[in-house]
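The block underneath contains the structure these notes are about, expressed in structure tokens.
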2 protein chains.
Amino acid sequence: MKKQSTEIRQKQIKEAFLDIIHSDGLKSLSTRNLSKKIGLSEGSIFRHFASKQDIILAIFSDVDRDFIDSLRIIANSSESPEKRLSKLLCRTVTYLVDNKGVTMLLFSEASHNNDTELKTRLLHIFNSQKKLVSKIIHDGIAIGTWDESLHVDNIAMLYMGIPVTVNIELILNGGQFHSQNFCQQMMTLLERILNKENA
Amino acid sequence: MKKQSTEIRQKQIKEAFLDIIHSDGLKSLSTRNLSKKIGLSEGSIFRHFASKQDIILAIFSDVDRDFIDSLRIIANSSESPEKRLSKLLCRTVTYLVDNKGVTMLLFSEASHNNDTELKTRLLHIFNSQKKLVSKIIHDGIAIGTWDESLHVDNIAMLYMGIPVTVNIELILNGGQFHSQNFCQQMMTLLERILNKENA
DNA sequence: TACTTTTGTAAGCAAATACTCACACCAATG
DNA sequence: CATTGGTGTGAGTATTTGCTTACAAAAGTA
């Protein structure tokens with residue numbers, strides 16, 4: 001096998017890692033299989049990552065950078081709160097479908113190994129989303145479109161159930177998810193909660 | 001070790017199984033540890049269960065019988081739809097807290113092993129709940145308390161996010177969940193969606 | 001009592017796992 | 001050119017895993 005820089009190899013390893021999760025499930029996720037998939041020796045993998053857990057942590061960082069950052073941009077844009085919340089939800093659903101259950105499977109890995117570091121990282125990703133939702137709702141209340149008597153935390157919690165449920169459906173239905181207009185429909189329900197006139 | 005009937009041993013094994021999940025996490029869930037916990041030899045465990053997976057399946061059956069059946073009784077009672085939906089939700093949250101993340105951890109096990117049988121059983125438990133929720137909502141629409149223009153499936157989906165999110169909080173926060181009035185508060189939000197006057 | 005059945009055990013198996021190591025190669029640098 | 005340092009490899013390690021098996025002993029039954 002031709003030599004490559006650590007940077008390139010790390011990228012390949014992370015990609016193969018997610019590929020295996022998607023196609024064969026977590027149980028096939030051994031360093032043996034990983035090396036086979038890439039066509040690299042097992043020893044080489046440990047040249048570019050100190051441990052298997054390090055690979056997972058690197059993927060978490062990617063999720064943080066790619067996904068959470070894109071949500072942050074939406075949440076902080078100058079559009080109306082309704083628009084922002086809707087976009088946030090749709091972006092989340094799209095991401096989950098495009099990255100077929102990866103977050104949930106990593107979640108599964110985290111609870112399987114009862115790993116504190118992994119759990120902390122997951123909690124961070126989870127809470128980051130919740131905070132962005134809360135922010136948008138607060139904005140909507142501040143400008144008077146949404147009901148000020150609402151408990152924002154509760155709605156954020158209810159909101160978080162949506163992506164999580166999408167994840168579960170994805171896993172249990174083997175990656176299938178029929179989501180035409182799904183996020184719009186959920187948004188309609190959320191607005192029934194948020195809108196002022198609905199006492 | 002004194003001899004005991006298979007019935008008693010199976011019960012002990014299932015209990016120890018859940019104990020280990022709760023106290024040490026899934027990674028410690030080996031037949032070796034299981035036998036140590038009970039004080040029985042490892043060979044004995046395989047005398048009472050054909051395989052490790054059989055233990056998990058037996059626990060699923062227990063959940064089905066104890067938990068889902070109790071939900072079914074609530075859903076089919078003669079109380080008002082509001083009351084039934086509220087009780088259903090509260091019962092679910094209570095069960096999840098009392099059985100600290102067990103369903104989710106079994107879920108983790110199912111997706112970890114990519115096991116079709118386990119996934120099917122989980123899907124069944126998941127869908128059973130969804131159906132009961134749908135039934136109650138349909139009843140509420142039929143008697144005129146709730147808005148007939150609602151897409152029942154969507155609300156059932158939104159509802160399912162609540163217990164699932166509770167599970168996640170339980171796992172990520174190490175079994176802590178501050179749920180005073182939690183289910184009532186969620187119920188308040190759901191009613192804002194369901195009630196007729198909220199166009 | 002004599003038998004059969006059920007339950008218990010210790011030892012051990014084959015397979016898989018994450019990870020290491022001694023060594024080979026290659027490219028860049030002095 | 002010689003040196004150095006990063007990259008690749010195959011064989012090997014120790015450990016863990018789910019599960020089996022040969023046999024002992026207790027419990028049930030005649």
Side-chain angles (χ1 to χ4, degrees), chain A residues 1-18 20-21 24-60 105-106 108-118, chain B residues 1-18 20-21 24-60 105-106 108-118:
Chain A
M1 168 66 77
K2 185 130 186 290
K3 287 195 182 180
Q4 293 290 345
S5 68
T6 293
E7 203 181 355
I8 290 179
R9 289 291 181 221
Q10 285 186 336
K11 206 178 151 198
Q12 288 178 337
I13 291 168
K14 287 185 287 183
E15 272 170 15
F17 197 96
L18 295 178
I20 290 175
I21 287 181
D24 308 308
L26 268 165
K27 78 161 169 191
S28 312
L29 200 49
S30 60
T31 49
R32 204 87 87 211
N33 272 335
L34 202 51
S35 66
K36 235 180 268 170
K37 184 115 188 172
I38 308 175
L40 211 60
S41 73
E42 210 178 338
S44 281
I45 289 184
F46 289 94
R47 183 140 338 256
H48 301 295
F49 281 106
S51 66
K52 192 186 167 187
Q53 141 132 334
D54 265 25
I55 304 176
I56 301 180
L57 289 175
I59 292 176
F60 267 89
L105 286 164
L106 290 179
S108 154
E109 180 78 348
S111 63
H112 189 88
N113 291 338
N114 212 25
D115 187 295
T116 316
E117 168 98 26
L118 286 182
Chain B
M1 167 66 77
K2 183 127 189 293
K3 286 195 181 182
Q4 293 289 347
S5 69
T6 293
E7 204 181 354
I8 289 178
R9 288 291 182 220
Q10 285 186 335
K11 206 178 152 198
Q12 288 179 337
I13 292 168
K14 286 185 288 183
E15 270 169 17
F17 196 97
L18 295 178
I20 291 176
I21 288 181
D24 309 308
L26 268 165
K27 79 162 167 193
S28 311
L29 199 49
S30 59
T31 48
R32 206 83 92 209
N33 273 335
L34 203 50
S35 66
K36 235 180 268 171
K37 184 116 190 171
I38 307 176
L40 211 59
S41 73
E42 208 179 343
S44 282
I45 290 183
F46 288 94
R47 176 124 12 237
H48 300 295
F49 281 107
S51 66
K52 191 186 168 189
Q53 140 133 334
D54 266 26
I55 304 176
I56 302 180
L57 290 176
I59 293 176
F60 268 88
L105 286 165
L106 290 179
S108 153
E109 179 78 349
S111 64
H112 189 87
N113 290 336
N114 211 26
D115 187 295
T116 316
E117 168 96 25
L118 286 183

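Letters A, B, ... are given to chains in the order of the sequence lines, protein chains preceding strands, and every chain is numbered from 1.
Rounding to whole angstrom units, CZ of residue A/Phe46 and P of D/dT9 are separated by 15 Å. What separates CD1 of B/Ile20 from P of D/dT17 is a distance of 11 Å, to the nearest Å. Between A/Met1 atom CE and C/dC26 atom C1' the separation is 15 Å, expressed in whole Å. Atom CZ in A/Arg32 sits about 11 Å away from atom C1' in D/dT13, given to the nearest Å. Taking atom CD1 of residue B/Ile13 and atom C1' of nucleotide C/dG8, one finds them 12 Å apart after rounding to whole Å. The interatomic distance linking A/Gln4 (CD) with D/dG5 (C1') rounds to 17 Å, in whole Å. The NE2 atom of B/His48 sits 14 Å away from the C1' atom of C/dT5 (whole-angstrom rounding). We find that CD1 of B/Ile8 is positioned 18 Å from P of D/dA26, with the value rounded to whole Å.
Remark on DNA chain C: of its neighbouring residues A/Leu29 and A/Arg47, the 5'-side contact belongs to A/Leu29, judged by nearest-heavy-atom nucleotide. Nucleotides of DNA chain D nearest to B/Lys3 and B/Lys52 differ in position, and the one nearer the 5' end is that of B/Lys52. In terms of position along DNA chain D, the nucleotide closest to A/Ser44 lies nearer the 5' end than the nucleotide closest to the other residue of the pair A/Ser44 and B/Ser28.
Within the nucleic acid shown, A/Arg9 comes within 4.0 Å of sugar-phosphate atoms alone, with no base atom in reach, counting heavy atoms only. In this structure, B/Ile45 reaches neither bases nor backbone, as no heavy-atom distance under 4.0 Å exists between it and the strands shown.
Counting only heavy atoms from C-beta outward, the side chains of A/Leu106 and A/Leu118 never approach each other to under 4.5 Å. Inter-residue side-chain proximity for B/Leu34 and B/Ile55 is flagged as met; some heavy-atom pair is nearer than 4.5 Å.
An OP1 or OP2 oxygen of C/dA16 is reached within less than 4.0 angstrom by no side-chain nitrogen or oxygen of A/Ser30. An OP1 or OP2 oxygen of C/dT17 is reached within less than 4.0 angstrom by no side-chain nitrogen or oxygen of A/Thr31. Dashed line: the shortest gap from a side-chain N or O of A/Ser5 to OP1 or OP2 of D/dT7 is not under 4.0 Å.
The shortest heavy-atom contact between A/Phe49 and A/Ala58 is CE2-CB, 3.9 Å.
Between the OG1 atom in B/Thr6 and the NZ atom in B/Lys11 there is a gap of 14.5 Å [rounded to 0.5 Å].
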Trace of the side chain to side chain contact (heavy atoms under 4.5 Å, CB included) decision for B/Glu117 with B/Gln53:
CA-CA 10 Å; B/Glu117 168 96 25; B/Gln53 140 133 334; 4.1 Å; yes
